[in-house]
Colleague: 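Pasting a structure here, questions to come.
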There are 2 protein chains.
Amino acid sequence: MARGSFRQQLLRVREDAIIATVNRLLAEKGFDLMTVDEVAADVGIAKASLYKHFASKEALAAAAMVRVLERGAALLDELAERADLSALDRLRAVASWAMEQQLKGEMPTLPSQNSTLRAELLGSQRYVDLLMTSSDRLGEWILQAQADKAIDPALPPEVVLYTLFARACDPVPGFLKATGQYADDQIVAMMLRTWLDGLRPPAGA
Amino acid sequence: MARGSFRQQLLRVREDAIIATVNRLLAEKGFDLMTVDEVAADVGIAKASLYKHFASKEALAAAAMVRVLERGAALLDELAERADLSALDRLRAVASWAMEQQLKGEMPTLPSQNSTLRAELLGSQRYVDLLMTSSDRLGEWILQAQADKAIDPALPPEVVLYTLFARACDPVPGFLKATGQYADDQIVAMMLRTWLDGLRPPAGA
DNA sequence: GTCTATAAGAGGATAGAC
DNA sequence: GTCTATCCTCTTATAGAC
């Protein structure tokens with residue numbers, strides 16, 4: 001793939017900076033409390049300039065979501081090549097990554113009720129594509145883990161998939177961190193343990 | 001306790017209607033997307049009248065949270081008297097109730113990031129009291145369930161408590177309901193099973 | 001594409017009559 | 001305590017010069 005002209009690269013770098021800021025603000029305060037003024041001030045450009053890059057506040061959020069999905073997809077690529085890992089290992093690694101992102105304040109989360117935002121996301125080809133291909137891939141690993149009896153085959157795979165996604169925006173890690181009693185990796189370890197043990201086949205099976 | 005005059009009772013009834021509306025709207029769209037105009041229109045009174053009852057939008061939300069906590073506390077009272085139930089049974093019943101409320105669209109949830117709202121809640125004596133007494137009671141049952149070996153004694157009790165509270169606002173039941181494949185009680189059963197199995201002691205213990 | 005300045009409108013809150 | 005009418009701030013988005 002061509003890299004484009006120098007000018008285009010500059011543009012790309014600036015947009016990356018914008019998205020990084022949006023990403024952080026979405027993780028910190030959420031979509032509704034994040035203001036476009038704030039984003040512009042944080043990036044260091046005028047608000048009008050920001051609107052030359054992204055058509056709306058919703059588009060900003062969508063771009064941040066696409067970026068995090070791209071990073072997630074890259075992780076899936078890596079994990080798929082690791083022949084030494086079981087399907088359950090891969091699922092554990094994905095959940096672990098998501099919770100680490102969240103604990104570092106770099107996991108953007110969006111309100112699922114906002115219909116304007118929802119429309120913008122579903123209108124984004126890239127977003128929908130990434131979400132579907134990632135879900136397909138995770139779905140395969142879930143089926144494999146069930147075949148391995150690492151996950152209860154009686155559970156509908158979508159239940160497993162949804163709980164995996166839910167771990168990425170679970171408030172519990174944040175609460176535990178707020179107590180100041182646990183390091184990030186301890187929190188992740190406890191969350192993984194309770195999540196995965198809840199999916200195991202019954203002892204008698 | 002005296003019931004107060006007839007006029008005071010009327011007032012109480014109206015405020016109950018307001019809180020019921022707020023409760024539903026908070027469950028449907030969340031705090032940020034709920035507007036005071038909407039609440040007033042839904043109740044059928046003018047917005048200015050609404051402000052005679054509650055000083056601010058935050059106060060409205062706090063009242064709704066107090067109501068749900070009161071209902072939860074009433075449930076805890078009932079469960080405490082049931083000598084036939086184990087500690088784990090009681091915890092299961094509480095989680096079950098919370099998820100049923102959520103699936104019926106009657107569980108108000110607030111954004112944990114909004115500091116104005118947080119300040120209002122922590123400034124409400126009744127809210128803080130209810131939260132603390134309920135947490136204490138649940139904490140006792142958690143310790144008892146750990147003594148019974150129904151919950152892994154190695155897990156910090158607060159982890160169990162937080163995951164219990166988190167079940168009340170977990171997005172997974174809503175997603176499962178949206179697929180149209182499961183009845184509410186099936187969803188609750190699957191969620192309970194995965195939650196509680198995740199807390200069990202390891203098989204070897 | 002960047003800026004300053006401003007439009008446009010939503011939404012929380014209040015004034016003042018009854 | 002209820003109403004109508006209004007205020008005022010905040011926020012999204014754009015106009016228009018450079």
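We name chains A, B, ... by the order of the sequence lines, and we start the count at 1 in each one. Values below: all heavy atoms of this structure, side chains included; hydrogens, waters and symmetry mates excluded.
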Colleague: For B/E15, give me all partners under salt bridge (charged side-chain N to carboxylate O under 4.0 Å, His left out), at least two apart in sequence or on another chain.
Modeller: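 Scan of B/E15 (salt bridge (charged side-chain N to carboxylate O under 4.0 Å, His left out), adjacent residues dropped) gives none.
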Colleague: Mind checking what makes ring pair (Phe, Tyr, Trp, His ring centres under 6.0 Å) contact with A/F54, not counting sequence neighbours?
Modeller: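 By the ring pair (Phe, Tyr, Trp, His ring centres under 6.0 Å) rule, A/F54 matches no residue at all.
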Colleague: For residues 126-139 of chain A, dump all side-chain donor-acceptor pairs below 3.5 Å to protein atoms at least two apart in sequence or in another chain.
Modeller:
{"unit_1": "A/R126", "atom_1": "NE", "unit_2": "A/E70", "atom_2": "OE2", "d": "2.9"}
{"unit_1": "A/R126", "atom_1": "NH2", "unit_2": "A/E70", "atom_2": "OE2", "d": "2.8"}
{"unit_1": "A/D129", "atom_1": "OD1", "unit_2": "A/Q125", "atom_2": "NE2", "d": "3.2"}
{"unit_1": "A/T133", "atom_1": "OG1", "unit_2": "A/D129", "atom_2": "O", "d": "3.1"}
{"unit_1": "A/T133", "atom_1": "OG1", "unit_2": "A/L130", "atom_2": "O", "d": "3.3"}
{"unit_1": "A/S134", "atom_1": "OG", "unit_2": "A/L130", "atom_2": "O", "d": "2.8"}
{"unit_1": "A/S135", "atom_1": "OG", "unit_2": "A/L131", "atom_2": "O", "d": "2.8"}
{"unit_1": "A/R137", "atom_1": "NH1", "unit_2": "A/D77", "atom_2": "OD1", "d": "2.6"}
{"unit_1": "A/R137", "atom_1": "NH2", "unit_2": "A/D77", "atom_2": "OD1", "d": "3.4"}

Colleague: Check nucleotides 1-3 of chain D against the protein and report each pair of N or O atoms closer than 3.5 Å, with its distance, or say if there are none.
Modeller:
{"unit_1": "D/dT2", "atom_1": "OP1", "unit_2": "B/R14", "atom_2": "NH1", "d": "2.9"}
{"unit_1": "D/dT2", "atom_1": "OP2", "unit_2": "B/H53", "atom_2": "NE2", "d": "2.9"}
{"unit_1": "D/dC3", "atom_1": "OP2", "unit_2": "B/A46", "atom_2": "N", "d": "2.6"}
{"unit_1": "D/dC3", "atom_1": "OP2", "unit_2": "B/S49", "atom_2": "OG", "d": "2.8"}

Colleague: Enumerate, atom names and distances included, each donor-acceptor pair closer than 3.5 Å involving a side-chain atom of residues 91-100 of chain A, sequence neighbours excluded.
Modeller:
{"unit_1": "A/R92", "atom_1": "NH1", "unit_2": "A/D89", "atom_2": "OD1", "d": "2.9"}
{"unit_1": "A/S96", "atom_1": "OG", "unit_2": "A/E100", "atom_2": "OE2", "d": "3.1"}

Colleague: Name every donor-acceptor pair, under 3.5 Å, that has one atom in a side chain of residues 41-49 of chain A and the other anywhere in the protein, sequence neighbours excluded.
Modeller:
{"unit_1": "A/D42", "atom_1": "OD1", "unit_2": "A/R24", "atom_2": "NH2", "d": "2.8"}
{"unit_1": "A/D42", "atom_1": "OD2", "unit_2": "A/R24", "atom_2": "NH2", "d": "3.3"}
{"unit_1": "A/K47", "atom_1": "NZ", "unit_2": "A/D37", "atom_2": "OD1", "d": "3.2"}
{"unit_1": "A/K47", "atom_1": "NZ", "unit_2": "A/D37", "atom_2": "OD2", "d": "3.2"}

Colleague: What's the verdict on salt bridge (charged side-chain N to carboxylate O under 4.0 Å, His left out) for A/R200 and B/D197, showing C-alpha distance, side-chain angles and the deciding distance?
Modeller: CA-CA 8 Å; A/R200 279 188 317 187; B/D197 282 1; over 6 Å; no
Colleague: Heavy atom of residues 24-34 of chain A under 4.0 Å from DNA chain D: which residues?
Modeller: A/M34
Colleague: Verify the contact: side-chain N or O of A/Y51 to OP1 or OP2 of D/dT14, cut-off strictly under 4.0 Å; return yes or no.
Modeller: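 It does not, given that no N or O in the side chain of A/Y51 lies less than 4.0 Å from OP1 or OP2 of D/dT14.
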Colleague: Could you check which of C/dG11, C/dA13, D/dT11 has an atom nearest any side-chain atom of B/S56?
Modeller: C/dA13
Colleague: List the atom pairs, with distances to 0.1 Å, where a side-chain N or O of residues 160-175 of chain A and a protein N or O form a donor-acceptor pair under 3.5 Å, not counting sequence neighbours.
Modeller:
{"unit_1": "A/T163", "atom_1": "OG1", "unit_2": "A/V159", "atom_2": "O", "d": "3.2"}
{"unit_1": "A/T163", "atom_1": "OG1", "unit_2": "A/V160", "atom_2": "O", "d": "2.8"}
{"unit_1": "A/T163", "atom_1": "OG1", "unit_2": "A/W195", "atom_2": "NE1", "d": "3.0"}
{"unit_1": "A/R167", "atom_1": "NE", "unit_2": "A/D170", "atom_2": "OD2", "d": "3.2"}
{"unit_1": "A/R167", "atom_1": "NH1", "unit_2": "A/T163", "atom_2": "O", "d": "3.3"}
{"unit_1": "A/R167", "atom_1": "NH2", "unit_2": "A/D170", "atom_2": "OD2", "d": "2.7"}
{"unit_1": "A/D170", "atom_1": "OD1", "unit_2": "A/V172", "atom_2": "N", "d": "2.8"}

Colleague: Applying side chain to side chain contact (heavy atoms under 4.5 Å, CB included), name anything that partners A/D16, two or more places apart in sequence or on another chain.
Modeller: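 A/D16 satisfies side chain to side chain contact (heavy atoms under 4.5 Å, CB included) with A/R12 once adjacent residues are dropped.
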